[in-house]
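Just so we're on the same page: letters track the sequence lines, and every chain starts at 1.
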There are 2 protein chains.
Amino acid sequence: MTSKKASASKSGTGTLGKAMAVLGIIAASPHPPRFTEILRKSDQPRGTLHRQLTNLVEEGLLNIRPDMSYELGYNLLKFAASAWAGNEFRLIAEPHLSRLHELTGETVHLGVLRDGQVIYLDKVEGTQSVRMYSQIGNASPLYCTGVGKAAISVLPQAEMEKCIASTIFHKYTDHTLKNANELRTEIEQIKLSGNAYDREEHEIGIRCVAAPIYSPNRTFVAGVSVTGPAYRVSADTLEGWAGLVRGTANAIMDDMSTRLGPRT
Amino acid sequence: MTSKKASASKSGTGTLGKAMAVLGIIAASPHPPRFTEILRKSDQPRGTLHRQLTNLVEEGLLNIRPDMSYELGYNLLKFAASAWAGNEFRLIAEPHLSRLHELTGETVHLGVLRDGQVIYLDKVEGTQSVRMYSQIGNASPLYCTGVGKAAISVLPQAEMEKCIASTIFHKYTDHTLKNANELRTEIEQIKLSGNAYDREEHEIGIRCVAAPIYSPNRTFVAGVSVTGPAYRVSADTLEGWAGLVRGTANAIMDDMSTRLGPRT
DNA sequence: AAATTCAATTCCATTAAATGGAATATCCGG
DNA sequence: CCGGATATTCCATTTAATGGAATTGAATTT
């Protein structure tokens, strides 16, 4: 009985939850899946799934392509543009991120913790002709990103453990942390210094230093980071920026408490 | 009977539709609304709305802020990032947009028609440190944007009329088209030349030339444009680019028919 | 501090909508 | 034109959403 309830609360509860689960399946597919393919990955019966897909298409959350494959719909972009432009936390952080970028000359990221992942909220980078939007909205793992490790370090013990326990340690590079204990050790260091580092743990040649941002009650947890290519940014340079990044995080927290009210 | 069915299909049908309607209300609010405010704008009863909000928060489509106001949630960004990165039409168009940008030196936009609006899908611009996400996902009116007018010009007659009929002509600038007849006249010219222009109709100082993109059966309709500031881009320059923009649109359509199969 | 007001939340009998197994229609390659 | 796979529709059953009313909670005033 209890096990039944526990599994039920896991995901896909209610009509909306199931619809989101379907979106998730399609988002996770490497190519636009067709009906039968989605049916296989979902645990819904034919009739049900078909109607769900029809509804999602009707709402513009999915596009159905001429070959009957499904891809995420344009209304998601529409809502996301609104979400991004209107997000108060991001708006508060924005000037601080710009300042940090000016002082360091390297790329600055802002990310929030959500469902055991980092979701990048904003990015300020140099005048590179790289494609934009490369990062915003992207969900990345906690254990191999500066923002992720910074964020997790300020979580209440119980939640931190939950995050760590549910982590699967994919080895992105030779420097990627290998298991929960390595992560726990590193988090202790982050707690002491107030800074997290990514030492080419996610991508070879990319380094970063980050600092945590959080509400007093820790229900909201985020992070800010400066990222640069290893050839241009030495480990020492990175450490030199640590205080600056912490300062940016603190300034953002100050602004939050004054603008959103201190009882967060 | 028929009227009942017609009005029912309008909006907010089914559980999912109602949820989206709530998201829409919150997206449209100039500031994060609280429960009672949303209640007033929606036509749902208290209990119903409250549970809908709770569900949306649970799915990460809404955030609830410490002062009990609601803003759009981070999962929308997550899904949108996926939608953007995976969108095949955008991927096909991408190199063509870059090329058009290189040839003109001005900002290039790609937008699709959806629910009588243009939704911008991509943007290629010069090395400006302008904010990202400034345009992508944004929904703009048809009658005063190059992409919008280009798109509407290739719609089947019936749908075009539906779009025009439901348009309200807000006067953004002195050059904004004033009514349905002016729009109809202009569309006739676009059909002949294959190019649409925005002559400071949406924003003073901004000009643009666009061309339509469409599937053979016209169920998919989009547009590509080159936009620039009036002080740098004369009306003549713009006309000089018209063929180039049409060429880009045609090249994209060619790629579409080869990559997505010709029976679109 | 008690009283008043306004907003948010919970409850639960009723109602409406989602479900899902099976039948049917449609597409595609041979 | 046929056979096999895929997508779509149907409708009795089940499950989840509904919504009016009562409760809780928080802020404001007397």
Side-chain angles (χ1 to χ4, degrees), chain A residues 1 4-5 7-23 25-26 29 31-59 61-71 217 219 260-264, chain B residues 4-5 7-23 25-26 29 31-59 61-71 216-217 219 260-264:
Chain A
M1 281 187 179
K4 189 180 178 185
K5 205 167 193 180
S7 68
S9 70
K10 217 170 194 179
S11 93
T13 316
T15 308
L16 185 63
K18 287 169 193 167
M20 289 304 124
V22 172
L23 279 194
I25 289 171
I26 291 162
S29 290
H31 63 100
R34 315 220 327 202
F35 181 81
T36 320
E37 203 172 336
I38 304 169
L39 180 63
R40 195 158 26 78
K41 295 184 189 177
S42 101
D43 51 357
Q44 308 282 333
R46 303 180 75 77
T48 302
L49 179 65
H50 188 266
R51 191 179 25 75
Q52 286 168 341
L53 288 169
T54 308
N55 288 336
L56 286 164
V57 168
E58 201 150 285
E59 296 301 327
L61 302 179
L62 286 181
N63 294 338
I64 180 160
R65 307 182 41 253
D67 66 342
M68 326 233 103
S69 64
Y70 293 86
E71 66 183 357
N217 64 2
T219 50
L260 301 179
R263 52 213 173 299
T264 308
Chain B
K4 188 180 178 184
K5 207 167 192 179
S7 68
S9 69
K10 217 171 194 177
S11 94
T13 316
T15 308
L16 185 64
K18 287 170 194 168
M20 289 304 125
V22 171
L23 278 194
I25 289 172
I26 291 162
S29 290
H31 64 99
R34 315 225 326 221
F35 180 81
T36 320
E37 203 171 337
I38 304 169
L39 182 62
R40 195 159 24 81
K41 294 184 187 175
S42 99
D43 50 358
Q44 308 281 332
R46 302 179 76 75
T48 302
L49 179 65
H50 187 266
R51 191 179 25 73
Q52 287 169 339
L53 288 169
T54 307
N55 288 337
L56 286 165
V57 168
E58 202 151 284
E59 296 300 328
L61 302 179
L62 285 181
N63 295 337
I64 179 161
R65 306 178 47 249
D67 66 342
M68 325 234 103
S69 63
Y70 293 87
E71 65 183 359
N217 63 1
T219 50
L260 302 179
R263 53 215 174 298
T264 307

Between P of dA7(D) and CZ of Arg65(A), the distance in whole Å
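One finds 14 Å between P of dA7(D) and CZ of Arg65(A), rounded.
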In whole angstrom, what separates Leu49(A)'s CG from dT6(D)'s P?
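Distance, rounded to whole Å: 15 Å.
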Results of side-chain hydrogen bond (donor to acceptor under 3.5 Å, both in side chains) for Glu58(B) - residues two or more places apart only
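Expected list: none.
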Non-neighbouring partners of Arg65(B) that pass side-chain hydrogen bond (donor to acceptor under 3.5 Å, both in side chains), sequence neighbours left out:
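Scan of Arg65(B) (side-chain hydrogen bond (donor to acceptor under 3.5 Å, both in side chains), adjacent residues dropped) gives Glu88(A), Ser69(B).
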Using OP1 and OP2 only, check whether a side-chain N or O of Thr48(B) sits under 4.0 Å from dG19(D).
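True: Thr48(B) side-chain N/O within range (under 4.0 Å) of dG19(D) OP1/OP2.
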Restricting to non-hydrogen atoms, name the atom on [X] and the atom on [Y] that form the minimum distance, rounded to 0.1 Å.
X	Y	result
Phe35(B)	Tyr70(B)	N-CE1, 4.3 Å
Ala19(A)	Leu56(A)	O-CD1, 3.9 Å
Gln52(B)	Val22(B)	OE1-CG2, 3.9 Å

Bending between helix ends of the helix from dA1(C)-dT30(D) to dG30(C)-dC1(D) [5 pairs per end, 10° resolution]
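What I find for the helix from dA1(C)-dT30(D) to dG30(C)-dC1(D) is an axis angle of 50°.
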Show the atom names and distances, to 0.1 Å, of all donor-acceptor pairs under 3.5 Å that link a side chain in residues 40-51 of chain B to residues at least two apart or in another chain.
from: Lys41(B); atom 1: NZ; to: Ser29(B); atom 2: OG; distance (Å): 3.2
from: Ser42(B); atom 1: OG; to: Gln44(B); atom 2: N; distance (Å): 3.0

Any residue in residues 35-47 of chain B with a heavy atom nearer than 4.0 angstrom to DNA chain C? Just list them by number, or reply none.
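Those residues are Phe35(B), Thr36(B), Arg46(B), Gly47(B).
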Interface polar pairs with nucleotides 12-16 of chain D, N/O, under 3.5 angstrom:
none

Val57(A) side chain near Asn63(A) side chain, heavy-atom distance below 4.5 Å
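Answer no - side chains too far apart.
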Go through residues 50-57 of chain B and report each residue with a non-hydrogen atom lying under 4.0 Å from DNA chain D, sorted by number.
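Under 4.0 Å from DNA chain D: Arg51(B), Gln52(B).
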